[in-house]
Peer 1: 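One structure, pasted below without further comment.
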Amino acid sequence: MSENAVLYQAAAHCLSYPDEGFRCLLPQLTSAAPELGGFLAHAAAADPSDLAAHYVQVFDFKNRHSLYLSWWRDGDTRRRGMALVRFKEVYREHGMEFTGEELPDFLPAVLEFSAHAGPVLLEENRPGLELLRLALTDFGTPYAPILEAVCATLPGPSPKDRAAAQALARSGPPREDVGLEPFALIGEH
């Protein structure tokens, strides 16, 4: 079990859709993860429908706030499929089988895994985590401190990760336009 297991598990709950189950967990999360106190106080004070609407606004409508870690490196390209395979391989290497409804790179799932197996996937995806942290901070959402707390548990921030995060933030994730180019019919000039 990871030394930051409680924080990772709490962060997984905080970054999941804030349903009634989440609201029931608020007292436990508040006492277990003081690093997340600011967000948890906000969540406890917020109207449940407003909190849910804010979650949707932050995470469901903007790829710049994507909770899918492979998106930050590979965008919507074919390479992303190989990255997802890598996530599943790491789960298996640690005796776990990913069976969630989400993709295996969904940050709450990765955080749950990290609570049990350590931060290997968080460390491998540090630039994406930093990009997400920066994007949430710039957006001014109460979700930003959750990423700050998670990133603070990882080695660094090393200049390489910060530089990679800033370079990717400037250029955005890669896109693939294969098959989107207009084509000419054979014999047409």
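The model shown is predicted, which means the values in this text are computed figures rather than measured ones.
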Peer 1: Mind checking side-chain hydrogen bond (donor to acceptor under 3.5 Å, both in side chains) for S16 and listing every partner two or more places apart, or none if nothing turns up?
Peer 2: none
Peer 1: Write down the atom of L7, the atom of A149, and the distance for their closest heavy-atom approach.
Peer 2: CD2-O, 3.7 Å
Peer 1: Looking only at heavy atoms, which two atoms of A32 and V6 are closest? And how far apart?
Peer 2: O-CG1, 3.3 Å
Peer 1: Determine whether a donor-acceptor pair (N or O, by modelled atom type, separation under 3.5 Å) exists between the side chain of W72 and the backbone of S66.
Peer 2: yes
Peer 1: With under 30° as parallel and over 60° as perpendicular, where do the rings of Y143 and F39 fit, or are they tilted in between?
Peer 2: tilted
Peer 1: Of the non-hydrogen atoms in P104 and F87, which two are nearest, and what is the gap between them?
Peer 2: O-CD2, 3.6 Å
Peer 1: State the SG-NE2 distance between C24 and H13, to the nearest 0.5 angstrom.
Peer 2: 12.0 Å
Peer 1: Inspect the contact between D105 and R80 and indicate whether a charged nitrogen and a carboxylate oxygen are less than 4.0 angstrom apart.
Peer 2: yes
Peer 1: I'd like to know if the side chain of N125 reaches the main chain of L121, judged simply by a donor and an acceptor atom lying under 3.5 Å from each other, with no hydrogens or angles considered.
Peer 2: yes
Peer 1: Nearest 0.5 Å please: distance from the OG1 atom of T153 over to the CG atom of N4.
Peer 2: 4.5 Å
Peer 1: Are there over 12 heavy-atom neighbours, none belonging to M96, within less than 6.0 Å of that residue's CE?
Peer 2: yes
Peer 1: Is any side-chain heavy atom of L36 closer than 4.5 Å to one of P145?
Peer 2: no
Peer 1: Any chance you could measure H54, atom NE2, to F59, atom CZ, to the nearest 0.5 Å?
Peer 2: 7.5 Å
Peer 1: How long is the gap from CG on L147 to NE2 on H65, to the nearest 0.5 Å?
Peer 2: 10.5 Å
Peer 1: Run the side chain to side chain contact (heavy atoms under 4.5 Å, CB included) check on L107 and L132 step by step: do they pass?
Peer 2: CA-CA 10 Å; L107 183 53; L132 178 57; 3.9 Å; yes
Peer 1: Atom CG in L69, atom CG in L122: separation rounded to 0.5 Å?
Peer 2: 7.5 Å
Peer 1: Let's go through L111 and Q9 carefully: what are the C-alpha distance in whole Å and the side-chain angles of both, what is the deciding distance for side chain to side chain contact (heavy atoms under 4.5 Å, CB included) to 0.1 Å, and is it a yes or a no?
Peer 2: CA-CA 6 Å; L111 286 164; Q9 189 66 53; over 6 Å; no
Peer 1: Could you tell me whether R133 and E148 make a salt bridge, using a distance below 4.0 angstrom between a side-chain N and a carboxylate O?
Peer 2: no
Peer 1: So which atom in R23 and which in A46 form the shortest heavy-atom distance, rounded to 0.1 Å?
Peer 2: NH2-O, 3.4 Å
Peer 1: First locate atom CZ of F139, then atom CG of L134, and finally report the distance between them rounded to the nearest 0.5 Å.
Peer 2: 15.0 Å
Peer 1: Just to verify, which of T141, L131, I146 counts as forming a side chain to side chain contact (heavy atoms under 4.5 Å, CB included) with L136?
Peer 2: T141
Peer 1: Is E124 paired with R86 through a side-chain N to carboxylate O contact shorter than 4.0 Å?
Peer 2: yes
Peer 1: Give me the atom names and distance for the closest heavy-atom approach of S70 to A83.
Peer 2: CB-CB, 3.7 Å
Peer 1: Can you tell if the side chain of E130 reaches within under 4.5 Å of the side chain of C151, non-hydrogen atoms only?
Peer 2: yes
Peer 1: Which pair of non-hydrogen atoms, one from E123 and one from P155, has the smallest distance, and what is that distance?
Peer 2: OE2-CD, 3.6 Å
Peer 1: Sort out for me which residue in Y91, Y68, F98 forms a side chain to side chain contact (heavy atoms under 4.5 Å, CB included) with V110.
Peer 2: Y91
Peer 1: Let's go through V120 and F113 carefully: what are the C-alpha distance in whole Å and the side-chain angles of both, what is the deciding distance for side chain to side chain contact (heavy atoms under 4.5 Å, CB included) to 0.1 Å, and is it a yes or a no?
Peer 2: CA-CA 9 Å; V120 62; F113 166 79; 3.9 Å; yes
Peer 1: Test your reading of the model: is there a side-chain donor-acceptor pair from Y55 to the backbone of D50, 3.5 Å cut-off?
Peer 2: no
Peer 1: In the single-linkage hydrophobic clustering (I, L, V, M, F, W, Y; side-chain heavy atoms under 4.5 Å), do L67 and Y17 co-cluster?
Peer 2: yes
